[in-house]
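All remarks here apply to the structure that follows.
Computation of the quantities below employed the complete heavy-atom set of this structure, encompassing side-chain atoms and omitting hydrogens, waters and symmetry-equivalent molecules.
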Amino acid sequence: MQFDISQGPMLSATKLVIYAVEGIGKSTFASQFPNPLFIDTEGSTNTMNVRRLPAPDSWQMLLQEVQYVRDTPGLCSTLVIDTIDWAERLCINEVCSKRQKSGIEDFAYGAGYTYVYEAFGKLLNMLSDIVEQQINVVLVAHSMIRKFEQPDEAAAYDRYQLKLIDTPKKSVANMVKEWADVVLFANYKTVVEKTDSGKAKARGNKRVMYTQHNACWDAKNRWGLSAELPFDYQEIALYIAQATCANSAPVHPVAQPEPQPQAAQTPAPVPEATPAAPSEGGLPDFWAPALQLMQADGVTVDEVKNFSVKAGNYTADTPLENYDPDYIAGFIVPNWVQILERIKANRIPVPFN
């Protein structure tokens with residue numbers, strides 16, 4: 001048996017979890033993903049102009065809506081479940097109702113938590129199927145503060161965690177974190193100062209998101225993000241757009257026309273085509289909008305090509321004329337500000353003699 005071996009970064013849709021304190025703007029953040037469709041379990045989007053499926057009133061209805069998204073191509077580019085902890089309530093209600101229990105604690109030996117854990121695993125498997133169809137999945141969640149006792153520390157301390165079941169034997173919270181490619185924690189950054197009288201005073205309400213693990217919260221990312229960033233979708237938009245564009249608009253080689261037999265009569269002269277914009281190196285017209293930006297900011301086509309290669313969108317031997325027009329119009333042009341910053345950061349300053 002033989003297997004194909006691939007090399008290099010592979011762009012794909014994103015499995016992202018964003019959890020935060022109440023009222024910080026989690027739903028607004030999720031609404032900025034490409035072409036989102038919401039499954040709103042708690043009415044968070046009632047005042048927002050977003051596309052949403054009917055609010056699920058049961059666990060089975062939630063699963064049916066997820067299955068509908070999975071089985072309906074082109075319905076959206078991002079599926080958002082807002083919030084996943086309210087979805088867990090639907091799951092708990094289903095488990096208790098099905099087995100005629102009044103609450104999750106009524107099950108012997110913690111069996112109720114096991115049932116919820118297994119049901120949630122099936123939901124995550126369905127969501128993974130959606131991601132394989134190049135549809136982003138964003139799970140929004142509330143945060144909660146829990147005491148955490150680390151084995152090698154003298155005392156327990158408080159930390160922010162997902163507001164999901166987290167028992168020693170079955171942890172839905174850990175399963176969701178392991179499933180996700182990216183886990184972001186958003187909070188208001190508060191600075192505590194001592195006044196002249198010696199009392200502590202809190203100030204500041206800057207919204208930030210944390211992208212790396214900390215003793216006080218869970219977070220992770222695979223993009224090499226800074227540990228702390230402003231809570232703004234534009235901070236991650238470049239990475240989401242890269243994957244979405246690269247997978248929804250695959251590169252196709254430019255087909256060369258087959259030679260036609262020469263006609264007996266003399267053909268009429270063909271007028272020369274007028275380029276849509278100044279070009280560099282005889283590039284096709286679809287490069288024109290990008291070339292205008294490049295010329296204005298002093299960027300060469302080689303620098304744009306190097307960026308595309310480092311981002312994993314194209315290989316170094318792909319001719320510029322074979323780049324997909326949707327990649328130029330749908331990714332390079334709308335994300336030019338962020339791309340320009342990365343191109344400038346990669347430039348090596350020339351020392352003066």
Side-chain angles (χ1 to χ4, degrees), residues 10-20 25-88 90-91 120 122-141 176 179-184 186 209 221-223 232-250 313 324-327 329-331 333-335:
M10 299 177 63
L11 296 177
S12 64
T14 301
K15 297 181 289 187
L16 185 142
V17 174
I18 172 69
Y19 72 110
K26 301 182 293 295
S27 301
T28 301
F29 182 88
S31 70
Q32 298 177 68
F33 277 72
N35 188 22
L37 178 65
F38 278 74
I39 298 179
D40 187 349
T41 62
E42 61 170 277
S44 300
T45 65
N46 288 347
T47 60
M48 298 171 58
N49 183 20
V50 296
R51 297 167 61 238
R52 63 181 73 81
L53 289 167
D57 57 10
S58 69
W59 178 249
Q60 290 303 319
M61 182 176 178
L62 173 63
L63 295 180
Q64 289 170 0
E65 291 186 341
V66 172
Q67 183 176 356
Y68 174 69
V69 175
R70 184 192 65 185
D71 298 341
T72 310
L75 195 62
C76 62
S77 300
T78 304
L79 174 64
V80 182
I81 299 182
D82 187 1
T83 60
I84 197 67
D85 40 289
W86 278 61
E88 185 187 64
L90 297 176
C91 186
F120 235 83
K122 294 178 181 178
L123 170 63
L124 294 180
N125 288 338
M126 293 177 64
L127 294 175
S128 295
D129 293 340
I130 291 175
V131 173
E132 290 179 1
Q133 298 180 20
Q134 306 308 333
I135 298 173
N136 303 306
V137 173
V138 177
L139 305 183
V140 180
V176 169
W179 169 86
D181 299 319
V182 180
V183 178
L184 304 176
M209 61 182 174
N221 78 92
R222 297 179 179 177
W223 301 321
D232 186 342
Y233 173 74
Q234 293 306 315
E235 296 291 339
I236 66 170
L238 179 62
Y239 304 96
I240 303 299
Q242 259 183 226
T244 302
C245 179
N247 289 290
S248 62
N313 298 331
D324 196 284
D326 289 339
Y327 175 74
F331 175 57
V333 173
N335 295 289

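Pairing each heavy atom of T28 with each of S31, the nearest pair is O-OG, 2.6 Å. Of all the heavy atoms in C91 and W59, the pair that sits closest is CB-CE3, 3.5 Å. Contact between K26 and A141 at its shortest, heavy atoms only, is CD-O, 3.3 Å. Among all heavy-atom pairs drawn from S27 and S44, the shortest one is OG-CB, 3.4 Å.
Residues T41 and P56 are in side-chain contact: their nearest non-hydrogen atoms beyond the backbone lie under 4.5 Å apart. In this structure, D82 and I39 have side chains that are not in contact, with every pair of non-hydrogen atoms separated by 4.5 Å or more. Side-chain contact between Y19 and L139 is absent, with no heavy-atom pair separated by less than 4.5 Å. When side chains are defined from C-beta on, W223 counts as touching I236, because their heavy atoms get closer than 4.5 Å. Side-chain contact between V138 and I81 is absent, with no heavy-atom pair separated by less than 4.5 Å. Between I130 and V66 there is a side-chain heavy-atom pair separated by less than 4.5 Å. With a 4.5 Å cut-off on side-chain heavy atoms, T14 and V137 do not count as touching. Under the 4.5 Å side-chain criterion, counting only non-hydrogen atoms from C-beta, L37 is not in contact with V80.
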Step-by-step side-chain contact (heavy atoms from CB on, under 4.5 Å) determination, V183 to I18: CA-CA 6 Å; V183 178; I18 172 69; over 6 Å; no
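With sequence neighbours excluded, the residues satisfying salt bridge (Lys or Arg N to Asp or Glu O under 4.0 Å) with D181 are R222. Under the salt bridge (Lys or Arg N to Asp or Glu O under 4.0 Å) criterion, R70 pairs with D129, not counting sequence neighbours. Every ring-ring contact (aromatic ring centres under 6.0 Å, His included) that F33 has, sequence neighbours left out, goes to Y233. Remark: T72 engages Y68, L75 in a side-chain contact (heavy atoms from CB on, under 4.5 Å) (not counting sequence neighbours). In this view, D232 satisfies the side chain to side chain donor-acceptor pair (under 3.5 Å) rule with no residue, not counting sequence neighbours.
Judged by distance alone, the side chain of T78 and the main-chain N or O of N136 form no donor-acceptor pair under 3.5 Å. Within the 3.5 Å criterion, the main-chain N or O of W179 finds a donor-acceptor partner in the side chain of K15.
For the salt bridge (charged side-chain N to carboxylate O under 4.0 Å, His left out) condition, no pair includes a residue of residues 42-69, sequence neighbours left out.
L16 contributes atom CG, which lies 9.5 Å from atom CG of N221 (distance to the nearest 0.5 angstrom). Between the NZ atom of K122 and the CG atom of N125 there is a distance of 9.5 Å, given to the nearest 0.5 Å. We find the OG-CG distance between S58 and L63 to be 8.5 Å, quoted to the nearest 0.5 Å.
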